[in-house]
Novice: 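Attaching a single structure in structure tokens format; questions to follow.
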Amino acid sequence: MGLVVIGLNFSDLFKMSGIKDHVNFLGYPLPPGVSLLVKSLKKYDISVFERLVTVAVEMSSDTNPTNHKFSNLTKGISKEAINHIYPGVFTIIRKAMRTPKNLLKKNVFENDLNEIMLPTSFHAPLSTALFGDARPSLEDNAHQQCPHVATLSKLRWRVDVAISNASLNRVMEPTILITITTDKGEEHTLEVSKEKFHQLRYSVLEVLNYMQQLEKRSIFQVET
Amino acid sequence: MDESLFTETPRFSKGVQLINGLDINRFPKLLTRILQNLHNKAEPAFNEAEQVKLGPALGLTSSELVLVIETLTFICQQAAYHAIKPGILMTQLEAVAINSDKCKAICEGWSAHGKSTIEKLKKHSFAPKQLQSVEWHLNLQLAQDSKSNLKEPNAIFQLNVENNDNDTTLSEPVLLEFNHSQLFNLYNKLEVIQSQLDSLS
């Protein structure tokens, strides 16, 4: 009796075991808002759902969402509907935004929604919200919301040449005056001498150079 | 220029007399010290303790010493203001009746230290906030709470600023964060400034 040897590699074993290699973007276990949403959706009309999706997109795109804005946007929708639908919708949008665009494509998104048993008729409002025109403002807001040190919003400058001063009749020394306005509203006015300006310029170039080298490396080419 | 650099006030004449009476050996060191401290307006060339010792060493009372130092400082300041050559300085000094050996010593001191003193005075500025140094930090941002799978290089710059208000020198660091495109914009602005500086020279 001979031995039959079958060559199997890891991915074959993986597939055979029935474990999927794709994880739902919502994660396991399902967030409570989403499970509530799926259960209660039979009672509601698609128009209510669409309205609440719009509200969720509005609130997520806003840098300073207020309760006032929320109550304005949800005028005329019953409290029960809001409680059942809104948390789930908001969570779906937040989780979908978290994954980068190239990793969560529209068809994968819709498959995932099918997997959590969200009726197909309700997919359209969510898909348009996430893969349509509203996406850039959602991305911008997500980017701004994270903690960060002040970034430069405006740099105004002027170059002065000191002709003379109290100690010297003839100075002829150029200096630069810059006003830095940050996105956190701080304003700094500094005088920079020629030497310090060259130091600043050199540092900026050095960092730019490093950034470019970093971006060329293979870690950036691989789409994980 | 034909007009005198030094107006002969009585106090100035008294100062000149005292200078003429000084020992020539000690004179160059005195002068060098004064020249080196010319740009430093906050601190005098000699502090209290040194003045106490210097007076008897030069054979002067404390008020006479102060006058001598003031006169010499004034001579150096005028020389710096007009950026005069040593030869002309010699002529001017002789015109106010300073002994020729002292004139020679002053001119030698001026030739040696004059240029550096003028340079230091040129650089001196009393703007309230001046950039002292630039430090930076380059990070690679991988994720944040609202976005995963990022690969964004991120630089943080610290601009150390010297605060000249009220003569206190507290360093106030200005922290700024940049991603690649923001840094590139900054670079373009700096290039425009640089081209302006280049067009000046």
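Proteins come first, then strands; the chains are lettered A, B, ... in the order of their sequence lines, and each starts at number 1.
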Novice: Looking only at non-hydrogen atoms, find the nearest pair between A:Met97 and B:Lys147 and report the distance.
Specialist: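 So the two residues come closest at O-NZ, 4.0 Å.
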
Novice: How many angstroms lie between atom CD of A:Glu206 and atom CH2 of B:Trp136, to the nearest 0.5 angstrom?
Specialist: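 Separation between the atoms: 4.5 Å.
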
Novice: Heavy-atom distances under 4.5 Å only: say whether B:Gln78 touches chain A with side chain, backbone, both or neither.
Specialist: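 B:Gln78 has no heavy atom closer than 4.5 Å to chain A.
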
Novice: Report the distance from atom NZ of A:Lys95 to atom OG of B:Ser146, rounding to the nearest 0.5 Å.
Specialist: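 Answer for the NZ-OG pair, A:Lys95 versus B:Ser146, is 12.5 Å.
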
Novice: Among A:Leu200, A:Asn141, A:Leu177, who wins on heavy-atom pairs under 4.5 Å with chain B?
Specialist: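 Looking at each option in turn, the highest pair count goes to A:Leu200.
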
Novice: Is there a donor-acceptor pair under 3.5 Å between the side chain of A:Arg98 and the backbone N or O of B:Gln144?
Specialist: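 Side chain of A:Arg98 to backbone of B:Gln144, a donor-acceptor pair under 3.5 Å: yes, one is there.
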
Novice: Check A:Met211 against B:Leu138 and note the closest heavy-atom contact, atom names and distance.
Specialist: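 For A:Met211 and B:Leu138, the tightest heavy-atom pair comes out as CG-CD1, 3.7 Å.
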
Novice: Between B:Leu176 and A:Val149, does a side-chain contact (heavy atoms from CB on, under 4.5 Å) hold up when you go through it step by step?
Specialist: CA-CA 6 Å; B:Leu176 293 169; A:Val149 178; over 6 Å; no

Novice: Just do the side-chain contact (heavy atoms from CB on, under 4.5 Å) check on B:Lys123 and A:Glu195 with the steps written out, would you?
Specialist: CA-CA 10 Å; B:Lys123 304 276 178 228; A:Glu195 292 76 24; 3.5 Å; yes

Novice: Looking at A:Asp133, I want to see if its CG is surrounded by more than 12 non-hydrogen atoms of other residues, nucleotides or ligands under 6.0 Å.
Specialist: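 12 or below, so no.
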
Novice: Taking atom NZ as the centre, does B:Lys14 end up with more than 12 heavy-atom neighbours from other residues, nucleotides or ligands that are less than 6.0 angstrom away?
Specialist: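 No, not enclosed.
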
Novice: Distance from A:Glu173 atom CD to B:Leu121 atom CG, nearest 0.5 Å?
Specialist: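 It comes to 11.5 Å.
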
Novice: Which atoms of A:Lys194 are under 4.5 Å from chain B, going by heavy atoms: the side chain, the backbone, both sets, or neither?
Specialist: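 It is the side chain, since no backbone atom gets that close.
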
Novice: Do you know which of B:Lys129, B:His137, B:Gln194, B:Gln182 has the most heavy-atom pairs with chain A at a distance under 4.5 angstrom?
Specialist: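 The candidate making the most pairs under 4.5 Å is B:Gln194.
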
Novice: Among A:Leu208, A:Val159, A:Val192, A:Leu155, who wins on heavy-atom pairs under 4.5 Å with chain B?
Specialist: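 Greatest number of close heavy-atom pairs with chain B: A:Leu208.
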
Novice: Look at the side chain of A:Lys196 and the backbone N and O of B:Leu131, then say whether any donor-acceptor pair between them is shorter than 3.5 Å.
Specialist: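 Looks like no, no N/O pair under 3.5 Å.
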
Novice: Checking B:Leu159 against chain A: side chain, backbone, both or neither under 4.5 Å from a heavy atom?
Specialist: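 Side chain only.
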
Novice: Is B:Leu190 in contact with chain A via its backbone, its side chain, both, or neither, using a 4.5 Å heavy-atom distance?
Specialist: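 For B:Leu190, heavy atoms of backbone and side chain both lie under 4.5 Å from chain A.
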
Novice: Show the numbers, then the answer: is there a side-chain contact (heavy atoms from CB on, under 4.5 Å) between B:Val192 and A:Trp157?
Specialist: CA-CA 10 Å; B:Val192 174; A:Trp157 57 270; 3.7 Å; yes

Novice: Quick one: what part of B:Ile156 sits under 4.5 Å from any heavy atom of chain A, side chain, backbone, both or neither?
Specialist: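 Just the side chain, heavy atoms under 4.5 Å.
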
Novice: Judged by atom type as modelled, is there a donor-acceptor pair below 3.5 Å linking the side chain of B:Gln130 to the main-chain atoms of A:Glu191?
Specialist: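 Answer holds: no.
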
Novice: Which heavy atom of B:Phe178 sits nearest a heavy atom of A:Leu152, and at what distance?
Specialist: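 Heavy atoms of B:Phe178 and A:Leu152 come nearest at CE2-CB, 3.8 Å.
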
Novice: Rounded at 0.5 Å granularity, tell me how far CG in A:Asn169 sits from OH in B:Tyr81.
Specialist: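 The CG atom of A:Asn169 sits 4.0 Å away from the OH atom of B:Tyr81.
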
Novice: Looking only at heavy atoms, which two atoms of A:Val207 and B:Phe157 are closest? And how far apart?
Specialist: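 Answer, listing the atom of A:Val207 first, then B:Phe157: CG2-CZ, 3.6 Å.
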
Novice: Do other residues, nucleotides or ligands put more than 12 heavy atoms under 6.0 Å from the CZ atom of A:Arg94?
Specialist: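 No, not enclosed.
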
Novice: How about CG on A:Asn107, more than 12 heavy atoms from neighbouring residues, nucleotides or ligands closer than 6.0 Å, or not?
Specialist: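 Count over threshold, so yes.
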
Novice: How about A:Ile163: does its CD1 atom have over 12 heavy atoms from other parts shown lying under 6.0 Å from it?
Specialist: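 Not more than 12 within 6.0 Å, no.
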
Novice: Return the minimal non-hydrogen interatomic distance between B:Ser148 and A:Thr99, and the atom names on each side.
Specialist: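 So the two residues come closest at OG-CA, 4.0 Å.
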
Novice: Between the main-chain N or O of B:Ala83 and the side-chain N or O of A:Arg170, is there a donor-acceptor pair closer than 3.5 Å?
Specialist: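 No.
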
Novice: Answer with side chain, backbone, both or neither: which region of B:Asn154 has an atom nearer than 4.5 Å to a non-hydrogen atom of chain A?
Specialist: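 Only the backbone of B:Asn154 comes within 4.5 Å of chain A.
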
Novice: If I measure from the heavy atoms of chain A, does B:Leu183 come under 4.5 Å with its side chain, its backbone, both, or neither?
Specialist: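 Both parts, backbone and side chain.
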
Novice: Answer yes or no: does atom CE of A:Met172 have more than 12 heavy-atom neighbours from other residues, nucleotides or ligands under 6.0 Å?
Specialist: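 Counting other residues, nucleotides and ligands, CE of A:Met172 exceeds 12 neighbours.
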
Novice: Drop me the distance from B:His124's NE2 to A:Ser193's OG, to the nearest 0.5 angstrom.
Specialist: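 B:His124 NE2 to A:Ser193 OG: 13.0 Å, rounded to 0.5 Å.
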
Novice: Can you tell me how far the CD atom of B:Gln132 sits from the CD atom of A:Gln199, to the nearest 0.5 Å?
Specialist: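 Answer for the CD-CD pair, B:Gln132 versus A:Gln199, is 9.5 Å.
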
Novice: At their closest point, which heavy atom of A:Val171 faces which heavy atom of B:Lys122, and how far apart are they?
Specialist: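 Answer, listing the atom of A:Val171 first, then B:Lys122: O-CE, 3.3 Å.
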
Novice: Given the rule in the side-chain contact (heavy atoms from CB on, under 4.5 Å) test, do A:Thr182 and B:Val174 qualify, once you have shown the distances and angles that lead to the verdict?
Specialist: CA-CA 10 Å; A:Thr182 64; B:Val174 177; 5.5 Å; no

Novice: Chain B heavy atoms under 4.5 Å from A:Tyr202: which part of the residue, side chain, backbone, both or neither?
Specialist: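 Neither the backbone nor the side chain of A:Tyr202 comes within 4.5 Å of chain B.
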
Novice: Hey, does the side chain of A:Thr151 reach the backbone of B:Glu177 with a donor-acceptor pair shorter than 3.5 angstrom?
Specialist: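 Such a contact is absent between A:Thr151 side chain and B:Glu177 backbone.
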
Novice: May I ask you to check whether over 12 heavy atoms, not counting those of A:Lys154, lie within 6.0 Å of atom NZ?
Specialist: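 No.
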
Novice: Can you tell me if B:Lys120 has over 12 outside heavy atoms packed within less than 6.0 Å of its NZ?
Specialist: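 Correct, the count exceeds 12.
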
Novice: So do B:Lys151 and A:Glu215 actually touch side chain to side chain, heavy atoms under 4.5 Å?
Specialist: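 No, every pair of side-chain atoms sits at 4.5 Å or beyond.
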
